[in-house]
> 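Below are the structure tokens for one structure; questions will follow.
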Amino acid sequence: MSISSQSLLDGIIPEDYFSFDSILAEQQKIACVFKKSMFGLGFLDPSNQNENLVSGSKMELPLWMASYLANKEFVACELPKPYQETSRNILLADSSVVDLFKQVMYFYETGTKLIKIPHPECPHVSVSLVKTFVGRFKKIMDSSQNCRNQDLGNMCQKLDVEEKRLFEINRLSVELLDKWERRESNIIAPSNLVVQSRKRKRDQVF
Amino acid sequence: MTFELGMFGEKAVSLVKELHRCPPEQLHPVNEDLMRQVFAEMTALFEANKSDIEVNDDNKMIPSIHLRHSALEHNRRCVLAYLKQRLNKITQFRWDHGAVLPEEIQVNMQEHEKQWFNKYNKSLANYMLSLNGLDITQNTVPPKSLKIQDYGELETDSGDIIMLTVNSEHYLPLSECEHLIKQGVLQHMGS
């Protein structure tokens, strides 16, 4: 189903239009300065007593709105702190110790959307995104495949959503390989969804 | 036209967040109350833009109109993603629970979603029919042997009628029981 609908909608809407991750990543707040006055929208800023948002005033807008307005040149955006030069330098020095999840939950997803906003530092941000991922990738792969009996909670907490998913896929594939080696892969198991909904039902009974 | 305090589109995003938090094996009922609030916000945005375009002939309102327009599109995206994600879930249920969904899932489906599910069932069946009746929901794991031991509750088989009482063991053709194992009625004892 997804294949046919995808090809029909190709080019009309972006690929990640229906993606929850993408929507949530675009919730990141961006500090913006209005270049044009927004008449009649003063109520959007709670600290503003004026009826209008006058040009030159500063306000935090969600990324989806900031990027739309910045492309029309109605606002100028500032990079969020985790993407600014100081943070980029820290990431460059040693990316593996940084707690990305705490800074921006969807660090890479938000970052790739951020670099489409006209801003002089965008090329640096995009380089930094790739370098950060490469720098952290090896550790993620290593710990998800080789540390099965260790407590990795501390390390996992620092991963952004995308990295967590990568970690989980990795862990699962090692587990499946293990099962296959133990000749357990040919036993048909109840589907995961069914097992979970049963557990829930049992919980409700007692 | 009045708006509540706070940024546009926040209700729409909380709709998305709600479904995002919902565990994969469950389907909550559609949050109609929140949907209505999102629709009300969209109507208000649209009306405000419409009146601004009609009343003012100078260009000073253009930035505000664009801002509202971006919020309008964002709301639409969130609602569509919400509905689409529900359909994705229902599609997954078809493969895990079979053609008839459990009661507790069905009660939370909307009329339209039920219709969609029936259509999905039909096109899946048509597709399988076009493959000379090959059941593509079966044999997802390469079979080692064609007979399988199992146990479960009372069920009837096509052809012969077998009493599958709890803890009884049977040899059954794989084709008869793979569905039931997936649904958790039977347990594969291994061979």
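Keep in mind it's a predicted model, so treat the numbers as computed, not measured. Chain letters run A, B, ... following the sequence lines, proteins first, then strands; residues in each count from 1.
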> Quick one: are the ring centres of Phe34(A) and Phe74(A) less than 6.0 Å apart?
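No; Phe74(A) has its ring centre 6.0 Å or more from that of Phe34(A).
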
> Which answer fits Tyr68(A), side chain, backbone, both or neither, if we ask what part of it has an atom under 4.5 Å from a heavy atom of chain B?
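Side chain only.
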
> Checking heavy atoms, do the side chain of Leu19(B), its backbone, both or neither come under 4.5 Å from chain A?
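Leu19(B) touches chain A through backbone and side-chain heavy atoms alike.
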
> Just give me the residue among Ile23(A), Asn52(A), Val75(A) that pairs up with chain B most often, heavy atom to heavy atom, under 4.5 Å.
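Of the options given, most contacts go to Ile23(A).
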
> With a 4.5 angstrom heavy-atom cut-off, which part of Ser67(A) approaches chain B: side chain, backbone, both or neither?
neither

> Looking only at heavy atoms and a cut-off of under 4.5 Å, which of Lys17(B), His20(B), His97(B), His69(B) has the most pairs with chain A?
His20(B)

> Nearest 0.5 Å please: distance from the CG atom of Leu91(A) over to the CD atom of Gln103(A).
7.0 Å

> Does Lys84(B) make a cation-pi contact with Phe18(A), if we ask for NZ or CZ under 6.0 Å from the ring centre and within 45° of the axis?
yes

> Looking at Phe117(B), is Arg94(B) sitting on its ring face, NZ or CZ under 6.0 Å from the six-membered ring centre and within 45 degrees of the normal?
no

> Go through the steps to decide whether Gln27(A) and Tyr106(A) satisfy the test side-chain hydrogen bond (donor to acceptor under 3.5 Å, both in side chains), and finish with yes or no.
CA-CA 10 Å; Gln27(A) 278 303 103; Tyr106(A) 294 88; over 6 Å; no

> Specify which of Val13(B), Leu67(B), Leu80(B), Ile65(B) makes the most heavy-atom pairs with chain A at under 4.5 Å.
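The candidate making the most pairs under 4.5 Å is Leu67(B).
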
